[in-house]
Amino acid sequence: MSEEKRYLKLHLIVLVLVVIAELIGTKSYKVGPGTIVLLPMLFALLLGLLTGPKFLKIVDMEDMNAAEDLITISVLLLMAKYGTNIGPTLPLIIRSGPALILQEFGNLGTILLGMPFALLLGLRREAIGATFSIAREPNIAIISDMYGLDTPEGRGVMGVYVAGTVFGSIFFGLFAGFAATTLPFHPYALAMASGVGSASMMSAAVGALVEIFPNMAEEITALGAASNLASGADGVYMSIFMALPMCEWIYRKVMGDRAEEVTKG
Amino acid sequence: MKLSLKDPILITVVVALLTLVGNFVGYKIDPITAFPGMLILFLIVIVGLWITKVMPGNLPAVVYVSLLGIVLTMPWFPLGEKVAELTSQVNFLALTTPILGFAGISLGKNLDSFKQNGLKIFVVAIFVFIGTYIGSAIIAQVVLKLTGQI
């Protein structure tokens, strides 16, 4: 099969996947303080897996390799859209003050806490993809562009992405409630921390805080939303210029001679 | 010049068309309404790819493409509001569906290593989530205290 035909075949398969996935639509189930949300993209991912040689055998090895090239280019449309979501929110973020802007650096806590555990569990370069961010769509785009998704880094970011998509809002709902009742933080600080860069996770965390501090509901909601916008706006640049270099550095320090080299530049 | 299906520009066009279909099926925005916004996103990608090529420093294309999107929709940019309004007709989630479709296809190749590490990565996810929350809460707490707001 020529490469041209291969690409055409992949586009047609994905057209079918997209239609089926969007017809299924978004399914959400309320569980405790959060919601399990199954988005069409998750169905598209699963259906895509099903086309593989282990299941329906619609695609072969070379098709799967070609799909990889298509991802690298198609994520760029998503990044353009991501930019247009951020632009209108810039004035609000700038007005929000130093605490809100500085706490953004706290998002690097994903690495400080996640990286040691990931390496202890025996993950190698997967740890970089898994812990440099909370693995939302723009972060997949970054890994796809800088390493490729068909790499250990790619598997790391996809794993945390799927975990976050399915269980993220429940987890943040529970954890914000736990932090509010047991840790010595002011509700405003917790509200800002809730803006992790995902609207559903932020809503769950803010929802839990509002339940515990009903008299501060308005401030908590506003701070959570503003911080979430800020995390969205700086996420990509923080990932590329700070988080990934930090991950690479820690990985090399910890692994020493056993460090595996990057497979794709 | 023969247009090749392998050309990044043509791939972007095809993915844009796929997205318009998903945007219609999933979010009931008809392709004619969404077309101007999609055209803008397409042009942002093309110009972003060009900037990536001519700029020194070897930064990934995602940097320039997203920056262009931000600049074109900032309130300080004369047409910002208009661009934001047009591109809002293309649903963010509709753009993610084809990407994850391609990702699903390509992940099939590594199913074994995914199975092997999948559970570990799920456990790591918990620490990643706690890390970002506590990290931000600590800095916010300290800065709010120092600036006398709490």
Side-chain angles (χ1 to χ4, degrees), chain A residues 4 7 11 14 17-19 21-22 40-41 44-45 48-49 52 59 64 67-68 70-71 73-74 76-84 86-88 90 99 102-103 106-107 109-110 113-114 117-118 121 130-131 134 137 141-142 145-146 150 159-160 163 171 185-186 189-190 192-193 196 236, chain B residues 5-6 8 11-12 14-15 18 21-22 25-26 41 44-45 60-62 65-66 69-70 73-75 84 87 90 92 95-109 111 114 117-118 120-122 124-125 127-137 139-141 143-144 150:
Chain A
E4 302 255 317
Y7 278 46
H11 286 311
V14 170
L17 297 186
V18 165
V19 171
E22 294 291 357
M41 54 179 146
L45 180 78
L49 271 175
V59 296
M64 292 194 278
E68 172 76 20
L70 293 178
I71 301 171
I73 294 168
S74 51
L76 292 177
L77 272 178
L78 181 74
M79 293 314 285
K81 169 69 187 171
Y82 161 86
T84 64
I86 307 293
L90 278 187
L102 287 173
Q103 60 85 31
N107 292 347
T110 58
L113 202 60
F117 274 100
L121 282 172
T131 65
I134 61 155
E137 293 81 7
I142 293 169
D145 200 3
M146 295 177 70
D150 176 27
V160 178
F171 182 82
F185 290 114
H186 191 276
L190 293 174
M192 289 186 196
V196 291
V236 166
Chain B
L5 264 179
K6 285 191 66 182
I11 293 175
T12 312
V14 176
V15 176
L18 286 174
V21 174
V25 177
L41 295 180
I44 292 175
V45 172
V62 289
V65 171
S66 57
I70 293 177
T73 51
M74 292 190 310
T87 50
V90 181
F92 186 82
L95 276 164
T96 59
T97 312
I99 298 172
L100 275 270
F102 287 126
I105 294 173
S106 86
L107 280 178
K109 204 170 17 166
L111 217 51
F114 213 77
N117 285 327
K120 288 181 190 168
I121 295 177
F122 260 57
V124 169
F127 292 101
V128 166
F129 295 152
I130 296 176
T132 182
Y133 198 86
I134 296 294
S136 296
I139 298 179
Q141 177 84 14
V143 179
L144 285 170
I150 53 173

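So that the names make sense, note that chain A is the first sequence line, chain B the second, and so on, each numbered from 1. Bear in mind that the values here come from a model prediction, so they are computed numbers and not experimental data. Scope of the values below: all heavy atoms of this structure, side chains included, with no hydrogens, waters or symmetry mates.
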Query raised in the report: Can you check side chain to side chain contact (heavy atoms under 4.5 Å, CB included) on A:Ile134 and B:Val128, steps first, answer last?
Result: CA-CA 6 Å; A:Ile134 61 155; B:Val128 166; 4.2 Å; yes
Requested in this report: Side chain from CB out, backbone as N, CA, C, O: work out which of these in A:Phe185 comes under 4.5 Å of a heavy atom of chain B, or both, or neither.
Outcome: both
Requested in this report: Could you go through the side chain to side chain contact (heavy atoms under 4.5 Å, CB included) check for B:Phe102 and A:His11 one step at a time?
Outcome: CA-CA 9 Å; B:Phe102 287 126; A:His11 286 311; 3.7 Å; yes
Query raised in the report: chain A: which of B:Thr87, B:Val21, B:Leu107, B:Ile44 shares the most heavy-atom pairs with it under 4.5 Å?
Result: B:Thr87
Query raised in the report: Which region of A:Val236, side chain (C-beta onward) or backbone (N, CA, C, O), has a non-hydrogen atom less than 4.5 Å from a non-hydrogen atom of chain B, or is it both or neither?
Result: side chain
Query raised in the report: Atom OG in B:Ser106, atom CE in A:Met64: separation rounded to 0.5 Å?
Result: 8.5 Å
Report task. Sort out for me which of A:Val196, A:Thr84, A:Asn107 touches chain B most, counting heavy-atom pairs under 4.5 Å. Result -> A:Thr84
Report task. Kindly give the heavy-atom pair with the smallest separation between B:Phe129 and A:Phe171, and that separation in Å. Result -> CB-CE2, 3.6 Å
Query raised in the report: Taking atom CZ of B:Phe92 and atom CD of A:Glu137, what is their separation to the nearest 0.5 Å?
Result: 5.0 Å
**Report entry** Largest heavy-atom contact set with chain B, pairs under 4.5 Å, which of A:Ala99, A:Ala80, A:Gly114
**Finding:** A:Ala80
Requested in this report: Go through B:Leu95, B:Val45, B:Thr97 and name the one with the most non-hydrogen pairs under 4.5 angstrom from chain A.
Outcome: B:Thr97
Query - Which portion of A:Ala141 sits near chain B, non-hydrogen atoms under 4.5 angstrom - result: both
Report task. Would you mind checking which part of A:Val59 comes under 4.5 Å of any heavy atom in chain B, side chain (CB onward), backbone (N, CA, C, O), both or neither? Result -> side chain
Requested in this report: Quick one: list whatever passes salt bridge (charged side-chain N to carboxylate O under 4.0 Å, His left out) with B:Lys109, sequence neighbours left out.
Outcome: A:Asp150
Report task. If the plane angle is over 60° it's perpendicular, under 30° parallel, otherwise tilted; pick one for B:Phe127 and A:Phe117. Result -> parallel
Report summary line: Given A:Ala21, A:Ala118, A:Gly52, A:Pro88, the one with more heavy-atom pairs under 4.5 angstrom with chain B than any other is A:Pro88
Query raised in the report: In terms of heavy-atom pairs under 4.5 Å with chain A, which of B:Ile99, B:Asn117, B:Val15 leads?
Result: B:Ile99
Query raised in the report: Quick one: what part of B:Ile121 sits under 4.5 Å from any heavy atom of chain A, side chain, backbone, both or neither?
Result: both
Query raised in the report: Given a strict heavy-atom distance threshold of 4.5 Å, which part of A:Leu77 is in contact with chain B: side chain, backbone, both, or neither?
Result: both
Report task. Step by step, work out the side chain to side chain contact (heavy atoms under 4.5 Å, CB included) result for A:Leu90 and B:Ile70. Result -> CA-CA 9 Å; A:Leu90 278 187; B:Ile70 293 177; 3.8 Å; yes
Query raised in the report: Is there a donor-acceptor pair under 3.5 Å between the side chain of A:Gln103 and the backbone N or O of B:Ala137?
Result: no
Query raised in the report: Sub-3.5 Å donor-acceptor pair from the side chain of A:Lys81 to the main-chain atoms of B:Val90, do we have one?
Result: yes
Query raised in the report: Between A:Leu76, A:Leu17, A:Val19, which shows the greatest number of heavy-atom pairs under 4.5 Å with chain B?
Result: A:Leu76
Report task. Would you mind telling me which of A:Leu78, A:Ile142, A:Ile86, A:Thr131 has the largest number of heavy-atom pairs within less than 4.5 Å of chain B? Result -> A:Leu78
Query raised in the report: Minimum heavy-atom separation for A:Val14 to B:Gly101, with atom names?
Result: CG2-C, 4.3 Å
Query raised in the report: Looking only at atom types and distance, does a side-chain atom of B:Tyr133 sit under 3.5 Å from a main-chain N or O of A:Leu190, one as donor and one as acceptor?
Result: yes
Query raised in the report: For the residue pair A:Val160 and B:Ala125, what are the closest heavy atoms and their distance?
Result: CG1-CB, 4.0 Å
Query raised in the report: Between B:Thr132, B:Val124, B:Ile134, which residue shows the highest count of heavy-atom pairs closer than 4.5 Å to chain A?
Result: B:Thr132
**Report entry** B:Thr73: side-chain hydrogen bond (donor to acceptor under 3.5 Å, both in side chains) partners, not counting sequence neighbours
**Finding:** none
Report summary line: In terms of heavy-atom contacts, B:Val25 and A:Glu22 come closest through CG1-CB, 3.8 Å
Query raised in the report: Between B:Ile105 and A:Ala67, what is the shortest heavy-atom contact and its length?
Result: CG2-CB, 3.9 Å
Query raised in the report: Can you check whether B:Val62's main-chain N or O pairs, donor with acceptor, with A:Asp145's side chain at less than 3.5 Å?
Result: yes
Requested in this report: Evaluate the side-chain proximity of A:Ser74 to B:Ile11: yes if any heavy-atom separation is below 4.5 Å, no if none is.
Outcome: no
Query raised in the report: What is the distance from atom CE of A:Met41 to atom OG1 of B:Thr96, rounded to the nearest 0.5 Å?
Result: 4.0 Å
